[in-house]
**Q** 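Please see the structure below; I have some questions.
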Number of protein chains: 2
Amino acid sequence: MATKTIKKVRDADATRARILAGAKKEFAKNGLGGGRVDEIALRAKANKRMIYHYFGSKEDLFRTVLEEVYTDIRAAERALELEHLPAREALEKLIRFTWDYYLKNPEFITLVNSENLHKARHLKKSEKIEKLFKRFVSMVGGLLDRGVQEGVFRPGIDPVQLNITIAALGYYYLTNRYTGSIVFQRDLMAPQALEERLAFNIETIMRLVCVDP
Amino acid sequence: MATKTIKKVRDADATRARILAGAKKEFAKNGLGGGRVDEIALRAKANKRMIYHYFGSKEDLFRTVLEEVYTDIRAAERALELEHLPAREALEKLIRFTWDYYLKNPEFITLVNSENLHKARHLKKSEKIEKLFKRFVSMVGGLLDRGVQEGVFRPGIDPVQLNITIAALGYYYLTNRYTGSIVFQRDLMAPQALEERLAFNIETIMRLVCVDP
DNA sequence: TAAGGAAGTAACTGTTTAGTGCGTTATGTG
DNA sequence: CACATAACGCACTAAACAGTTACTTCCTTA
């Protein structure tokens, strides 16, 4: 059966994409320092030479992976279209989304951690990131203003602090899932524990933001 | 001048301690995967052979470093003696302490991150950790109960969830200081920014816990 | 359809790495 | 003082590593 997208024996785009996906997995699992180029080639079913052909170096490959994951999460956030919801509903939806995204994309957290271990030196070289976030912060700022007008949110809350707080509540719990399960002696990843935590996070933010929580 | 503690040319305890301190720095800076044993020997002004003599392997050295930093933070927490303060004051003191400790001991955060990247496989082998935390959780539990009796805290708050939340608010901000400063386009580590964040964290927790915030 | 460039490969290089074998030197003890 | 033991250091190994050389194979297009 002939299809429009014939599977080529040689396909630059597909190979590049496989390498990127392989790199994401490998770096997420072992960090930048612990990640192995040979292992990435293996995962991507590509020759190691191709990695250097398409990405130049291990560090540049890591930078590209980072750009991709940041672009992805912001795109998913934009797709929520929070502008069309009442402020309170929109806020709860954002909290739920952030939690679910971290839960379903654990590599996002480990990659960001790895980048911070390296003092964000790869992100510094990236040009496309800053614009991405400006839009996001102003969206949350608009959401807060709208809530104040509706009479449901307290005025004077900094959108950046709120963003950080929403992220923090989910991120910390999930990035420390392993040590946390040991020191607190309970399975933090059990379905019920996850539900409880999300409810706790929503309550924490609502009490912080709402006039009448 | 003769002193009680003569500086010996050969001093097993001192060498062991220097290695441990060097390892803490190196692992904190580069993670377990990126940390180099040769570099640890250099930092510790010890021969690499001694590392294997005292600690057996790189992994066991990492485990020992982890045990040390967890023991240290819990010891500092105990020294707060929160039992002797009114509940509300005690809670605020705990929030401030957590923030300050992360700020002054940034290696704690990076080491814990590294351990979580490796799914806590070193902590799993450690025996002294669990007891350490049991005491801590029950202390916070007692604090919450006391606050309820005093009529200042809401009843029914899970001490583990509260612990996680207090830690999360500081930890996330500080572990993501580098990427955060880029994406939010403000210096998250500026003295004023740090003050503002601590105040925001205290408000978040107080609104969550207190009857009349 | 032929040519030229791009996609892809295997085998290599020089270096770095965790870990060791074995000899040397200081130190507490009888 | 002697001597056993523990502290220490040199110089090595085998493997792993990021990156490269030199080559072959396929695909596009003129």
Side-chain angles (χ1 to χ4, degrees), chain A residues 2-27 29-66 114 117-118 121-122 125, chain B residues 2-27 29-66 114 117-118 121-122 125:
Chain A
T3 49
K4 276 269 162 91
T5 52
I6 31 161
K7 205 204 164 179
K8 287 181 266 183
V9 178
R10 302 196 163 187
D11 188 330
D13 289 347
T15 303
R16 214 191 104 101
R18 282 204 317 281
I19 291 171
L20 213 51
K24 184 153 94 176
K25 273 196 187 171
E26 172 67 5
F27 287 136
K29 196 175 175 198
N30 298 312
L32 174 60
R36 302 296 167 224
V37 177
D38 286 289
E39 186 59 32
I40 292 169
L42 212 69
R43 283 179 196 270
K45 289 185 172 105
N47 191 281
K48 186 165 60 154
R49 192 68 188 81
M50 290 293 97
I51 293 174
Y52 291 92
H53 183 241
Y54 288 122
F55 297 97
S57 69
K58 187 186 178 183
E59 299 264 321
D60 278 349
L61 175 58
F62 186 77
R63 206 205 59 240
T64 311
V65 168
L66 265 180
S114 199
L117 185 64
H118 296 93
R121 70 162 190 262
H122 308 90
K125 286 188 201 159
Chain B
T3 50
K4 277 270 163 87
T5 54
I6 30 159
K7 202 197 166 182
K8 287 181 265 181
V9 178
R10 299 194 165 187
D11 187 330
D13 288 347
T15 303
R16 214 192 105 101
R18 283 204 317 281
I19 290 171
L20 213 51
K24 184 153 94 176
K25 273 196 186 172
E26 173 66 6
F27 286 138
K29 196 176 175 196
N30 298 312
L32 173 61
R36 300 297 167 226
V37 177
D38 286 288
E39 185 60 30
I40 292 170
L42 212 68
R43 282 180 196 269
K45 289 184 171 110
N47 192 281
K48 186 167 61 156
R49 195 69 189 76
M50 289 295 96
I51 293 173
Y52 290 92
H53 182 241
Y54 289 121
F55 297 98
S57 71
K58 188 186 177 183
E59 300 264 321
D60 278 348
L61 175 58
F62 185 78
R63 204 204 61 237
T64 310
V65 168
L66 265 180
S114 200
L117 184 65
H118 295 93
R121 70 163 189 262
H122 307 89
K125 285 187 203 158

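No experiment lies behind these values; they were computed from the predicted model shown. Lettering of chains follows the sequences in order, A, B, ..., and the numbering in each one begins at 1.
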**Q** In whole angstroms, how far is the C1' atom of D:dA6 from the CZ atom of B:R49?
**A**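 My rounded result for the distance is 13 Å.
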**Q** Can you build the contact string for nucleotides 12-17 of chain D? Use B for base contact, S for sugar-phosphate-only contact, and - for no protein heavy atom under 4.0 Å.
**A** -----S
**Q** Does a nitrogen or oxygen in the side chain of B:S57 sit under 4.0 Å from OP1 or OP2 of C:dG19?
**A** no
**Q** Output yes when a side-chain donor or acceptor of B:K29 lies under 3.5 Å from a complementary backbone atom of B:K24, and no otherwise.
**A**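 Such a contact is absent between B:K29 side chain and B:K24 backbone.
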**Q** A:H53 NE2 to C:dG8 C1': how many Å, rounded?
**A**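 In whole Å, C:dG8 C1' lies 9 Å from A:H53 NE2.
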**Q** Indicate yes or no: does A:D13 engage A:R16 in a salt bridge with an N to O separation below 4.0 Å.
**A** no
**Q** How many whole angstroms separate atom CD of A:E59 from atom C1' of D:dG19?
**A**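 Nearest whole value for this atom pair: 13 Å.
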**Q** Rounded to whole Å, please give me the gap between CZ in A:R18 and P in C:dG8.
**A**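 The distance from CZ of A:R18 to P of C:dG8 comes to 7 Å, rounded to the nearest Å.
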**Q** Please check this pair: side chain of B:K48 against backbone of B:I40, looking for a donor-acceptor N/O pair closer than 3.5 Å.
**A** no
**Q** What is the distance, rounded to the nearest whole Å, between atom CD1 of A:I51 and atom P of C:dA10?
**A**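 About 14 Å, once rounded to whole Å.
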**Q** In whole angstrom, what separates A:N47's CG from D:dG19's P?
**A** 15 Å
**Q** Suppose the criterion is ring pair (Phe, Tyr, Trp, His ring centres under 6.0 Å): which pairs have a residue in residues 32-60 of chain A, not counting sequence neighbours?
**A** none
**Q** Ring pair (Phe, Tyr, Trp, His ring centres under 6.0 Å) with B:F27: which residues, sequence neighbours excluded?
**A**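 Applying ring pair (Phe, Tyr, Trp, His ring centres under 6.0 Å) to B:F27 gives B:F62.
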**Q** Strictly below 4.0 Å: does B:Y52 bring a side-chain N or O up to OP1 or OP2 of C:dT20?
**A**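 Checking C:dT20 against B:Y52, no side-chain N or O comes under 4.0 Å of OP1 or OP2.
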**Q** Round to a whole Å and report the spacing from CG of B:N30 to P of C:dA18.
**A**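 Spelled out: CG on B:N30 to P on C:dA18 is 11 Å.
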**Q** Hey, does A:N30 have a side-chain heavy atom less than 4.5 Å from the side chain of B:L117?
**A** no
**Q** Which part of the nucleic acid does B:F55 contact within heavy-atom distance under 4.0 Å: base, sugar-phosphate only, or nothing?
**A** nothing
**Q** To the nearest angstrom, how far is B:R10 atom CZ from D:dA4 atom C1'?
**A**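 Whole-Å distance recorded here is 14 Å.
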**Q** So, B:E26 side chain and B:R36 main chain: donor-acceptor pair closer than 3.5 Å or not?
**A**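 Yes, because the side chain of B:E26 sits within donor-acceptor range (under 3.5 Å) of the backbone of B:R36.
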